[in-house]
Amino acid sequence: MALLIQRPNGTEDVIPKNIYKWHTIEKVAREVAEKYGFKEIRIPTFENTNLFLRSVGETTDVVQKEMYTVIAKESKFTLRPEGTAGAVRLVMQNGLLNEPMPQRLYYILPCFRHERPQAGRLREFHQFGLEMIGSKSPIADAEVISLAKNFIDRLGLKNIALYINSIGCPTCRAKYHEALKDFFEKDKENLCETCLSRLDKNPMRILDCKSTVCSEISSNAPLIIDYLCEDCSDHFEKLKGYLNAMNIEFTVNPKIVRGLDYYTKTVFEFITTDIGAQGTICGGGRYDGLIEQLGGATTPALGFAMGIERLILTMESQGCEFIEPKKCDLYLAPMGENALHRILTIAHGLREEGYWVEYDVVGRSLKAQMKYADKINAFFTMVLGDNELDSNKAMLKNMSTGEQTEITLDENFYYNFSNIAIAGMFRESLEL
RNA sequence: GUGGGUAUAGCGUAGUUGGUUAACGCGUCAGUUUGUGGCACUGAAGACCAUGGGUUCGAAUCCCAUUAUCCACCCCA
């Protein structure tokens, strides 16, 4: 087992037995997103490093210590640590800002961050994210949050808390920063090292610090909510009103400070306590300044991202149901060369009709073939030997009931098979 | 980047104070008389006991290092 070359630390394989969990999430994600009018996009796995420096922000942890950056032919590229930057770049580069607004986009893709792996945190992880571009109205915020909520509900997740906050716009944030600096100045010597360095650059992050000393100091710190300008305050109040109108429960948490620099005004998180310390299942917010910052026209926008691995972990721990994987409709067991030849055409015909059909490619005994059919959970089996070829009739065996039905091997075979199959599957679905 | 735990066949485990060919369950493959699965029984394959050193007559078992992995800090999805 000392494998010569193993998976890189912090990455995961998904084996066939588990893939249905991913399919469930992806299917529900697409259905919900499209119900709200969102269209899927695909973006490259790597981008010019500058894209992330400019959007995510040079002082953030993500950029400073978590990026996978390579220098290739004198250019600097980075494996995307998140989706928003690339999505916004796509919008700008493809002229989507000239299309009808708002643009509603979603994506399902892997992201990469060089962190220390732990429960719910991988170096390669997968996001379901979406972006709504071109509306500054708080109703857009409500729409995006309600989509996230709807998706979470559709997966069957329970006890997911929604926290919202507003971190203001550059105007009100400047005032707030001053107030925070004044506040922390007097306890300066007690702050932890990282927070001390945050004092000048980004004092809001001190509120997010989990060290007991810092959180105690900041417990009485001024709150951004009290410093919002009229526009931001009005925006936040309206959002809360819309959420109430939609019966979406939320808690205002004035200490939510997202770790990516592009956020403005509304920020929100959906959190579970069921999967360990990394319980943020969904994080997002508004980024009204980002497009301008990347050289485009001033365009309001917002979005969120969900961690697919965390969603799966939560669903598993809560015993949520995944969409059951399909199974083999018919296993064909030939006996002898002549039967095998006949089976090839039968299998082809049924596959053309859309059925999942398998037959022996190993050369096993009949008994072993039946065992195999049982193990792969085949719905029907059909044995074909000289007797069947002579009489032109065979028995279709329902593997869950053991019941056998005669079927004629003529031009009506596919039609008859369909009838028997539908009847059998219908009966089974009733019994479940 | 900082802590702490763990490392025995594909998976889950046993292996007691160091003592000959490392055990068990599940799984895989084959068979239990020749044309039918699930149960049961039989058998087979599969582990240089994470890697590299050291202590010892002798190490899966003790010591050191490395690597991987898990959990937590941090950060975020």
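Naming: A, B, ... by sequence-line order, numbering from 1 per chain. Predicted model only: the values in this text are computed from it and were never measured.
Residue A/R116 places no side-chain N or O under 4.0 Å from the OP1 or OP2 atom of B/U69.
Side-chain proximity of A/K65 to B/G31, B/C74, B/A77: nearest is B/C74. In this structure, of B/G31, B/A68, B/C74, it is B/C74 that holds the atom nearest to the side chain of A/Q118.
Aromatic ring orientation, A/W22 versus A/H126: perpendicular (interplanar angle above 60°, classes split at 30° and 60°).
Between A/K17 atom NZ and B/U28 atom P the separation is 12 Å, expressed in whole Å. Atom CD in A/E115 sits about 14 Å away from atom P in B/C71, given to the nearest Å.
Below the 3.5 angstrom threshold, one finds no donor paired with an acceptor across the side chain of A/R121 and the base of B/C70.
Sorted by first and then second residue, the ring-ring contact (aromatic ring centres under 6.0 Å, His included) pairs involving residues 253-283 of chain A (not counting sequence neighbours) are A/Y262-A/Y287. Among pairs with a residue in residues 361-372 of chain A, those fulfilling side-chain hydrogen bond (donor to acceptor under 3.5 Å, both in side chains) read A/Y331-A/Q369, A/E358-A/Y372, at least two apart in sequence or across chains.
By the side chain to side chain donor-acceptor pair (under 3.5 Å) test, A/Y359 pairs with no residue at all, sequence neighbours left out. Qualifying ring pair (Phe, Tyr, Trp, His ring centres under 6.0 Å) partners for A/F125, counting only residues two or more places apart in sequence or in other chains: none. Under the ring pair (Phe, Tyr, Trp, His ring centres under 6.0 Å) criterion, A/F52 pairs with no residue at all, not counting sequence neighbours. Taking the salt bridge (charged side-chain N to carboxylate O under 4.0 Å, His left out) definition, one finds that A/E66 meets it with nothing, sequence neighbours left out. Residues satisfying the side chain to side chain donor-acceptor pair (under 3.5 Å) criterion with A/K265, sequence neighbours excluded, are A/D231. Under the salt bridge (charged side-chain N to carboxylate O under 4.0 Å, His left out) criterion, A/E316 pairs with A/K21, sequence neighbours left out. Listed by chain and number, the residues in a salt bridge (charged side-chain N to carboxylate O under 4.0 Å, His left out) with A/R89 are A/E47 (sequence neighbours excluded).
Of the C1' atoms belonging to B/U32 and B/A68, the separation is 44 Å, rounded to the nearest Å. Between B/C70 and B/G25, the two P atoms lie 30 Å apart (nearest whole Å). Look at the P atom in both B/C74 and B/U67: the space between them is 25 Å, to the nearest Å. When the P atom is used for both B/U16 and B/A30, the distance is 37 Å, rounded to whole Å.
Scanning residues 269-281 of chain A for heavy-atom distances under 4.0 Å to RNA chain B yields A/G276, A/A277, A/Q278, A/T280, A/I281.
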Canonical and wobble pairing (Watson-Crick, G-U, under 3.5 Å) of RNA chain B, dot-bracket with | | (((((((..((((.....[...)))).(((((.......))))).....(((((..]....))))))))))))....
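If you check every strand for non-hydrogen atoms under 4.0 Å, A/C282 touches sugar and phosphate atoms only.
When all heavy atoms of A/Q278 and A/I275 are compared, the closest pair comes out as O-CD1, 3.5 Å.
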Spell out protein contact along nucleotides 34-45 of chain B as letters: B when the base is contacted, S when just the sugar-phosphate is, - when no protein heavy atom is under 4.0 Å; keep the 5' to 3' order.
-> -BBBB-------
